[in-house]
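So the structure is just underneath, and the comments pick up after that.
Throughout, residue positions are numbered sequentially from 1 according to the sequence presented. These values consider heavy atoms only, across backbone and side chains, with no hydrogens, waters or symmetry-generated copies.
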Amino acid sequence: MPAVQPQPFDRQCLRLVLVTDGRGDQVRLEAVVAAAVRGGVRCVQLREPHWSVRQQLHAAERLLPLLVPVGGLLLANDRVDLAAAGATHGVQIGHRSLPPELARGVLGPQRLLGYSAHDQGELDLAAAAGCDFALLSPVWATESKPGMPHLGEARAAVLTAHARLPVLWLGGITPVHAARIAALPAPHRPIGIAVRSALMAAQDPQFAAAALLAALGSGVADS
């Protein structure tokens, strides 16, 4: 597999990020990603924690031809090694992963590095470590983690305004929420959103992706 060429950090690619749901169904995963890309998704986070590295590498090989022709990005969840090897454009890590400053050292400046944050301290950590963006969650209650406390729109907006790096929101986001996000003033507005079940569980992922992007409008990535 030839190494994936690094790409500059493009906020437009992160307006809508699809996070795979970890069900481990390769055929279904490819079908959903293909449909979501047709609907406008330009970034996919491969999050399949029960797969081996070889399985994730195989999935990356299958997903890249769906994303590269449209200028899209593929991120590995937690697998700094896959990104460093050039199998993906970058990696999404969190508090259980390799510390972000070490991950940046392994990846160098060219590969994208995202950090999953839940509070101000983690946003500050991500910025200090040289992460390209942070994924703030959960903003609203989410079906994937029932009963988990969520930040709420007001708190997430305050955290986003005080963050020293670009922020995306994750957690229970629907088109109604996306429209509310679009109406927020900068700097309280995130540069984009990440969703899991809203696309992975959708009957028509292409339509669902297009609806979310339409609700976001054109200005979110310029926050």
note = Apart from Val158 itself, its cluster of hydrophobic side chains linked below 4.5 Å comprises none

key: Pairs flagged by salt bridge (Lys or Arg N to Asp or Glu O under 4.0 Å) wherever residues 93-113 is involved - sequence neighbours left out   = Arg104-Asp132

request  = Please collect all salt bridge (Lys or Arg N to Asp or Glu O under 4.0 Å) contacts where either partner lies in residues 197-210, sequence neighbours excluded, each pair once.
outcome  = none

message = Using 0.5 Å steps for rounding, measure from the NE2 atom of His150 to the OG atom of Ser137.
response = 12.5 Å

message = Under a 3.5 Å distance rule, please check whether His89 uses its side chain to pair with a backbone N or O of Val4 as donor and acceptor.
response = no

request  = List the steps and the verdict of side-chain contact (heavy atoms from CB on, under 4.5 Å) for Val33 and Leu18.
outcome  = CA-CA 8 Å; Val33 170; Leu18 166 59; 3.9 Å; yes

For Asp124, side-chain hydrogen bond (donor to acceptor under 3.5 Å, both in side chains) partners two or more places apart = Gln120

key: side-chain contact (heavy atoms from CB on, under 4.5 Å) assessment of Leu123 paired with Leu159   = CA-CA 8 Å; Leu123 288 171; Leu159 290 172; 3.9 Å; yes

key: Close side-chain approach of Thr160 and Leu136, heavy atoms under 4.5 Å   = yes

task = Among Ile, Leu, Val, Met, Phe, Trp and Tyr joined by side-chain contacts under 4.5 Å, find the other residues sharing a cluster with Val27 and list them by chain and number.
result = none

task = Name all residues meeting the side-chain contact (heavy atoms from CB on, under 4.5 Å) criterion together with Ala34; count only those two or more places apart in sequence or in a different chain, and write none if there are none.
result = Arg38, Leu66

Spacing of Leu67 atom CG and Cys43 atom SG [to the nearest 0.5 Å] = 8.0 Å

inquiry  = Once ring pair (Phe, Tyr, Trp, His ring centres under 6.0 Å) is applied, do any residues pair with His188, and if so which ones, sequence neighbours excluded?
reply    = none

query = Would a 4.5 Å heavy-atom cut-off, applied to side chains only, mark Ser116 and His95 as touching?
reply = no

ask   = Under the side-chain contact (heavy atoms from CB on, under 4.5 Å) test, which residues partner Val139, sequence neighbours left out?
value = Ala156, Trp169

Side-chain polar contacts of residues 73-87 - donor-acceptor pairs under 3.5 angstrom, sequence neighbours left out - could you list them?
residue: Asn77; atom: ND2; partner: Gln45; partner atom: OE1; Å: 2.5
residue: Asp78; atom: OD1; partner: Ser97; partner atom: OG; Å: 2.2
residue: Arg79; atom: NE; partner: Asp81; partner atom: OD1; Å: 3.1
residue: Arg79; atom: NH2; partner: Asp81; partner atom: OD1; Å: 3.4
residue: Arg79; atom: NH2; partner: Asp81; partner atom: OD2; Å: 2.6

task = State which residues pass salt bridge (Lys or Arg N to Asp or Glu O under 4.0 Å) with Arg28; sequence neighbours excluded, sorted by chain then number.
result = Asp21

message = Within this structure, what is the OG1-CG distance for the pair Thr88 and Leu112, rounded to the nearest 0.5 Å?
response = 9.0 Å

query = Would you say the side chain of Pro166 lies within less than 4.5 Å of the side chain of Ile191, judging by non-hydrogen atoms?
reply = yes

message = Under 4.5 Å between side-chain heavy atoms, counting indirect links through other Ile/Leu/Val/Met/Phe/Trp/Tyr residues: same cluster for Val41 and Leu216 or not?
response = yes

query = Is the closest side-chain heavy-atom distance between Leu212 and Thr174 below 4.5 Å?
reply = no

request  = To the nearest 0.5 angstrom, please state how far the CD atom of Gln203 sits from the CD atom of Gln206.
outcome  = 14.5 Å

query = Does Trp51 share a hydrophobic cluster with Val44, counting links as ILVMFWY side-chain heavy atoms below 4.5 Å and allowing steps through other members?
reply = yes

inquiry  = As a quick check of understanding, evaluate side-chain contact (heavy atoms from CB on, under 4.5 Å) for Val17 and Ile193, giving each step before the final call.
reply    = CA-CA 6 Å; Val17 178; Ile193 60 175; over 6 Å; no

key: Separation between CG of Leu135 and CZ of Phe133, rounded to the nearest 0.5 Å   = 6.5 Å

message = Test of understanding: with side-chain hydrogen bond (donor to acceptor under 3.5 Å, both in side chains), list the residues that count as partners of Arg180, not counting sequence neighbours.
response = Glu153

key: Within-4.5 Å side-chain heavy-atom neighbours: Pro138 and Leu170   = no

task = Run the numbers on Gln26 and Glu48 for side-chain contact (heavy atoms from CB on, under 4.5 Å), then give the verdict.
result = CA-CA 10 Å; Gln26 176 74 39; Glu48 299 294 327; over 6 Å; no

Cluster link Tyr115 to Leu151, ILVMFWY, side chain under 4.5 Å = no

Separation between CG of Leu113 and CG of Leu107, rounded to the nearest 0.5 Å = 6.0 Å

note = In short, salt bridge (Lys or Arg N to Asp or Glu O under 4.0 Å) pairs touching residues 57-67 with sequence neighbours left out are Glu30-Arg62

